[in-house]
Protein chains: 2
Amino acid sequence: MQSKRLPRAVREQQMLDAAVRVFSERGFHAANMDEIAELSGVSKPMVYAYHGTKEELFLSCLRRESERLMERILAASDATLPPDEQLWRGIKGFFEFVGAHRDGWSVLHRQARSLEPFAGELAGMRKALVQLIAHRLDVALQKEGRQVRPDDLTSMALSLVGASESLADWLSAHPDEDPARTATRLMNAVWMGAGQLLHGHTWKPPLDERGNHQAAA
Amino acid sequence: MQSKRLPRAVREQQMLDAAVRVFSERGFHAANMDEIAELSGVSKPMVYAYHGTKEELFLSCLRRESERLMERILAASDATLPPDEQLWRGIKGFFEFVGAHRDGWSVLHRQARSLEPFAGELAGMRKALVQLIAHRLDVALQKEGRQVRPDDLTSMALSLVGASESLADWLSAHPDEDPARTATRLMNAVWMGAGQLLHGHTWKPPLDERGNHQAAA
DNA sequence: CCGTAAGGTTACGCGCGAGTAAGTTATCTC
DNA sequence: GAGATAACTTACTCGCGCGTAACCTTACGG
């Protein structure tokens, strides 16, 4: 019952879809190439023909997913906006991605971080994001006439990314939660800070053109 | 050249030490039982005799390390202190632990999180910490006469833990960095918040009895 | 309508490393 | 100092799953 022969480009994507799913469900080692092949509607040697070894296949998944995520974040956060709004939109875009691509996120964050062949690759991408955020913070600070040591900027960006990742995991375990709501919570944590919240100063999402809260979108 | 016969209790700890090191260097799957045995000064069947399967051995490592970490954090953060100081001390204790037990931390955070047999166990411990923090936040808020929805408390705690983990990874890659300095940076991120920092309001570590900054200890 | 290449398959080799059976010495106890 | 037992070793088995060799078959360009 083999459905139909498909052109390489199409099959390659199906294979990546299947691989992302299986890797995220079972983890890299427990994932087995036959299962990935079957889920792609094809037999194992085809996977090897198109994507090389298991390791190379995983790397392809990693690259595709992280590229999509980065695009999403960059598209959402516009450098010309005020800093809080940049942050808000970036975070919201990130959580929306995670909400929509659970297993892609799992491949990136859970699997790739621990396994040595991939950790480096992923660390590189994460670093790029951290540096981007650090740079935008720097710009915002300079507009206020302030200057901060580079390590302090990096720490701030790392905290932000770490907090986001942590909430992203929580979000992916709570499918019914609205990503924008989670984003709002994160803004309260990292933009306002616990000290402010103690005194009742909270952060609220900005209004869009129609006057609706973006969080309710 | 077998050095000496040792009582079980001693050998068991040596094995855990060796295992933590090897697991953290190679990862769970790439780690091999012979290497762990050799590093414990003993041959493989002894490891099986004392710690059961590879999986059980890893679980023992996980439990020992996470217990030590929890103890450390609880000992440092005293619930009778004001909230910012509780947070400060807890974070500082955490980073000091990570600085002193790099590979223990690696086993916990990098390895255990992704591998299915262990992820659940670790998630449980992490959850306990998150709930502890959420509870203390709640107490602090109630002292101010405020009330916050439980999910908002949890989010705040999750952000905090996530940010800490992120900086802990950075710290373990920068051995010369002072843990207390990293803790200060984290306080600025999560207690003050990016919004405050933009306006030049920063957080400084409290003074100890002798008038020294604790960060310089 | 035929040749050829792209899409596809079945069936296997083989290395690695978890786990063990059977046996050997040190050490402690009475 | 005998005998029991805890500490330890050598030398295997064996299954799993990655990766491949060798072989079909459908589509389609000329």
Side-chain angles (χ1 to χ4, degrees), chain A residues 1-62 107 111-112 114-118, chain B residues 1-62 107 111-112 114-118:
Chain A
M1 192 231 104
Q2 66 268 30
S3 42
K4 197 69 186 283
R5 298 199 166 186
L6 294 176
R8 172 163 187 158
V10 174
R11 204 57 105 181
E12 272 177 346
Q13 291 306 310
Q14 288 186 347
M15 287 173 179
L16 288 183
D17 293 341
V20 164
R21 188 156 146 209
V22 173
F23 281 137
S24 84
E25 272 170 16
R26 309 236 186 285
F28 178 75
H29 284 280
N32 114 8
M33 293 297 274
D34 290 286
E35 187 180 355
I36 293 174
E38 194 178 7
L39 239 154
S40 329
V42 108
S43 71
K44 193 170 55 168
M46 289 307 295
V47 179
Y48 281 89
Y50 286 172
H51 288 286
T53 67
K54 190 184 190 181
E55 205 169 299
E56 289 166 338
L57 172 62
F58 187 88
L59 259 181
S60 297
C61 295
L62 188 57
V107 163
Q111 310 303 323
S114 42
L115 306 202
E116 237 339 304
F118 318 116
Chain B
M1 194 234 97
Q2 67 268 31
S3 41
K4 197 68 187 288
R5 294 195 170 192
L6 294 176
R8 173 163 185 158
V10 174
R11 204 56 105 184
E12 273 176 346
Q13 292 306 310
Q14 288 185 348
M15 287 173 179
L16 288 183
D17 293 340
V20 165
R21 188 155 146 210
V22 173
F23 281 137
S24 84
E25 273 169 15
R26 310 235 186 286
F28 178 75
H29 284 279
N32 112 8
M33 294 297 272
D34 290 286
E35 186 180 355
I36 293 174
E38 193 177 8
L39 238 153
S40 330
V42 108
S43 71
K44 192 170 55 168
M46 289 305 298
V47 180
Y48 281 89
Y50 286 173
H51 289 285
T53 67
K54 190 184 190 183
E55 205 169 301
E56 288 165 339
L57 173 61
F58 187 88
L59 258 181
S60 298
C61 295
L62 187 56
V107 163
Q111 310 303 324
S114 42
L115 306 200
E116 237 339 303
F118 317 118

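Only this structure's heavy atoms are used, side chains among them; waters, hydrogens and symmetry mates stay out. Each chain gets a letter, A, B and so on, in the order its sequence line appears, and its residues count up from 1. Here the structure is a predicted model, which is why all the values come from computation and not from measurement.
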Rounded to whole Å, please give me the gap between [atom1] in [X] and [atom2] in [N].
X: Glu35(A); N: dC16(D); atom1: CD; atom2: P; value: 15 Å
X: Arg8(B); N: dC28(C); atom1: CZ; atom2: P; value: 17 Å
X: Phe23(B); N: dG17(C); atom1: CZ; atom2: C1'; value: 13 Å
X: Glu55(A); N: dG17(D); atom1: CD; atom2: C1'; value: 15 Å
X: Asp34(A); N: dC12(C); atom1: CG; atom2: C1'; value: 13 Å
X: Tyr48(A); N: dT10(C); atom1: OH; atom2: C1'; value: 16 Å

Compare side-chain N and O positions of Arg5(B) against OP1 and OP2 of dC28(C) and report whether any pair is under 4.0 Å apart.
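It does not, given that no N or O in the side chain of Arg5(B) lies less than 4.0 Å from OP1 or OP2 of dC28(C).
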Using a cut-off of less than 4.0 Å, is there contact between a side-chain N or O of Tyr50(B) and OP1 or OP2 of dA6(D)?
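So the side chain of Tyr50(B) is outside the cut-off, no N or O lying under 4.0 Å from OP1 or OP2 of dA6(D).
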What nucleic acid atoms does Ala30(A) come within less than 4.0 Å of, heavy atoms only: base, sugar-phosphate, or nothing?
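Nothing, no nucleic acid heavy atom in range.
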Identify whether any heavy atom of Met46(B) sits under 4.0 Å from a base atom; if not, whether one sits that close to sugar-phosphate; answer base, sugar-phosphate or nothing.
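Met46(B): base contact, heavy atoms under 4.0 Å.
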Any chance you could measure Leu39(A), atom CG, to Gln14(A), atom CD, to the nearest 0.5 Å?
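Going from CG on Leu39(A) over to CD on Gln14(A), the span is 10.0 Å.
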Who are the side chain to side chain contact (heavy atoms under 4.5 Å, CB included) partners of Lys54(A), not counting sequence neighbours?
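With sequence neighbours excluded, Lys54(A) shows a side chain to side chain contact (heavy atoms under 4.5 Å, CB included) to Phe23(A), Phe28(A), Met33(A), given in chain and number order.
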dG19(C) base to Lys44(B) side chain: any donor-acceptor pair below 3.5 Å?
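Yes, the side chain and the base share a sub-3.5 Å donor-acceptor pair.
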Give me the atom names and distance for the closest heavy-atom approach of His51(B) to Ser60(B).
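Taking every non-hydrogen atom into account, ND1-OG, 4.2 Å.
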Reading DNA chain D from 5' onward, which residue's closest nucleotide shows up sooner: Pro45(A) or Pro45(B)?
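Its nearest nucleotide being more 5', the pick is Pro45(B).
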Do you know which of Arg8(B), Gln13(B), Met15(B) makes side chain to side chain contact (heavy atoms under 4.5 Å, CB included) with Arg11(B)?
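Running side chain to side chain contact (heavy atoms under 4.5 Å, CB included) over Arg8(B), Gln13(B), Met15(B) with Arg11(B) returns exactly one hit, Met15(B).
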Given dC18(D), dT10(D), dG8(C), which nucleotide is nearest the side-chain atoms of Arg11(A)?
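So the side chain of Arg11(A) is nearest to dG8(C).
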